[in-house]
2 protein chains.
Amino acid sequence: MYEAHDLAKVARAGALCIAAILLVVVPALAQNDALPSWNDTAPKAAIIEFVKKVTTENSPDFVPEPERIAVFDNDGTLWVEHPMYTQLAFALDRVKTEAASHPEWKDTQPFKAALEGDMKTLAAAGEKGLVELIMATHAGMTTGEFQKIVTDWIATARDPRFKKPYTELVYQPMLELLTYLRANGFKTFIVSGGGIEMMRPWSEKVYGIPPEQVVGSSIKTQFEMKDGAPTLFRLPQINFIDDKAGKPVGINEHIGRRPIAAFGNSDGDLEMLQWTTLGGTPGFGMLIHHTDAEREYAYDRNTEFGRLDTALDAASVNQWTIVDMKADWKQIFRD
Amino acid sequence: MYEAHDLAKVARAGALCIAAILLVVVPALAQNDALPSWNDTAPKAAIIEFVKKVTTENSPDFVPEPERIAVFDNDGTLWVEHPMYTQLAFALDRVKTEAASHPEWKDTQPFKAALEGDMKTLAAAGEKGLVELIMATHAGMTTGEFQKIVTDWIATARDPRFKKPYTELVYQPMLELLTYLRANGFKTFIVSGGGIEMMRPWSEKVYGIPPEQVVGSSIKTQFEMKDGAPTLFRLPQINFIDDKAGKPVGINEHIGRRPIAAFGNSDGDLEMLQWTTLGGTPGFGMLIHHTDAEREYAYDRNTEFGRLDTALDAASVNQWTIVDMKADWKQIFRD
């Protein structure tokens, strides 16, 4: 026997029916347009063929939905990384903001170089210098405070060439790819060398990727009860570097199963693509090759900013798909 | 204009409609039975009231679905931990299995004690001894090999008192609670002091919790290409201890947002419950108090196996719900 509130539920079920029809039919009609910013070249065809293969029941390559894990590098794969990682731009701004409380930075490297915008000295300071900057400017506050700092910065900072917020310089074809994969039962993760807490405050809004699906580099935190309130305090100690051989380690730790598709753009993604594609089961590997100096940037092993070298060789050996940005993407940046 | 294959889609949409009606109406009718193994005592009412509060739109305590994160301790909260953690039973069996390759263990503690089942000496060796056992028996193989070892062991090992596989000694009321929360838009995570790779091989099948939603203690792994195949090799080095003040750290690292509900049973869960409930927004905290020596076990600060002491004090101060296993649970173990 149904009571009144059950009838209301039936009415709601009716509404759900219409939604169900829309959900099934509209994508069917729009099927050919799931990736409208991609030209009809080989990479688009390779993506669609792979997705069809793993989602077709009773096909030998069918993959059950819970195992459809796709991992994406961030810098240079989902958004612009040239001429400097957004994380570095953030760190340099943090140094400027905090300089008043640190008069000694005026005469201490790499802070002096950061304050003076002396990129040559900064580059010479290498990874060690970058880590020093990050430890000094990303630690010493609670996780909540840091989240606010990132949120405020990302809302106001502008890319120097395009004069736009960094979150608008994300690649439209990759946004479509994320949506397309999710619509086909994939769970999408970011696996980035960038700071995990630098991405989480905006990844859900910009990419549709929730914080728990972001893997990245991190510093150590410490739990403390402070005046009766629980806090996590950020310590100036590296916890994990999610780059190169660290990427499979981070994937294993956070996800606990091997992805079936991986998307990157640099040598830092080599091991992630190896881990994804060479494990005995079919996996899809893709590299974004930055070839469009006009609309974005052109760089690889032949240029000074040369992040793509051994991974490019590995791509041809392992049949990973290479995206030629200029030829394969109709549109670069998000609408 | 619809073509033939679109009409097929419409037919499928029709089937979806029926499914939608069943999905909406059947739970409505069965609503009062979402937690049938719980007696109609205060804890059940508290759970239902909390879920209603955070899922009612336009209520002041409404929480959007993506933020409905619930975290569960494992040992003693989802399955039996008495008289010894399953992880320790596993480690002891591993020592026996590997003893032939380690003749020196016959005369070296804590291995000697492990081989002889000398629990008194093992207990005296404390955490340091346990870590030694784990490093010697959980490392030195690939992640894939370890996964197989766990899977084989969990299928054959039996609890000495109940003579059943450990995965059958999971609590029916908690299984119902996991399902009930997920049906209300929660994402459920395990946050356990146990080894992350000890739980992942079976957590999805037993709890409906996929590997990427399991947080636990871990050892370090290292990526290697071996004969052209990518491997992650388990090293005898501790990476992270997900217990006590480590639990909020692990939650932050893996999930990246604060849970709104936390379930534990011991002092090891204290900080997790603090982090969940004392952060300024309403959070639900629950402790399982083992009070049923007949059907399971009875222990707290007044017994030798005394894992629940300061957390019990904190529960009354912070209005966490305490489950009296004997009084509040109709049934203990899964069907």
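Numbers restart at 1 for each chain; the letters A, B, ... are given by sequence-line order, proteins then strands.
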Under 4.5 Å heavy-atom distance to chain A, tell me which part of [X] shows up: side chain, backbone, both or neither.
{"X": "B:Lys220", "answer": "neither"}
{"X": "B:Gln213", "answer": "side chain"}
{"X": "B:Thr276", "answer": "neither"}

Closest non-hydrogen atoms of A:Gly256 and B:Pro211, given as atom of the first, atom of the second and distance, are O-CB, 3.9 Å
Close side-chain approach of [X] and [Y], heavy atoms under 4.5 Å:
{"X": "A:Glu253", "Y": "B:Thr221", "result": "no"}
{"X": "A:Pro230", "Y": "B:Arg258", "result": "yes"}
{"X": "A:Leu278", "Y": "B:Met225", "result": "yes"}

Looking at A:Gln274, A:Glu197, A:Lys244, A:Gln147, which makes the most heavy-atom pairs under 4.5 Å with chain B?
A:Gln274
Given the options A:Gln222, A:Lys187, A:Lys247, which has more heavy-atom pairs under 4.5 Å with chain B than any of the others?
A:Lys187
Choice from B:Val249, B:Thr277, B:Asn239 maximising heavy atom contacts with chain A below 4.5 Å:
B:Val249
Rounded distance [0.5 Å steps], [atom1] in [X] versus [atom2] in [Y]:
{"X": "A:His254", "Y": "B:His254", "atom1": "NE2", "atom2": "NE2", "answer": "5.0 Å"}
{"X": "B:Leu232", "Y": "A:Glu271", "atom1": "CG", "atom2": "CD", "answer": "11.0 Å"}
{"X": "B:Arg200", "Y": "A:Asn252", "atom1": "CZ", "atom2": "CG", "answer": "6.5 Å"}

Is any NZ, NE, NH1 or NH2 atom of the basic residue among A:Glu204 and B:Arg257 found under 4.0 Å from an Asp or Glu carboxylate oxygen of the other?
yes
Hey, what's the ring geometry for B:Phe223 with A:Trp275, parallel, tilted or perpendicular (30° and 60° as the breaks)?
perpendicular
For A:Phe189, is it the side chain, the backbone, both or neither that has a heavy atom under 4.5 Å from a heavy atom of chain B?
side chain
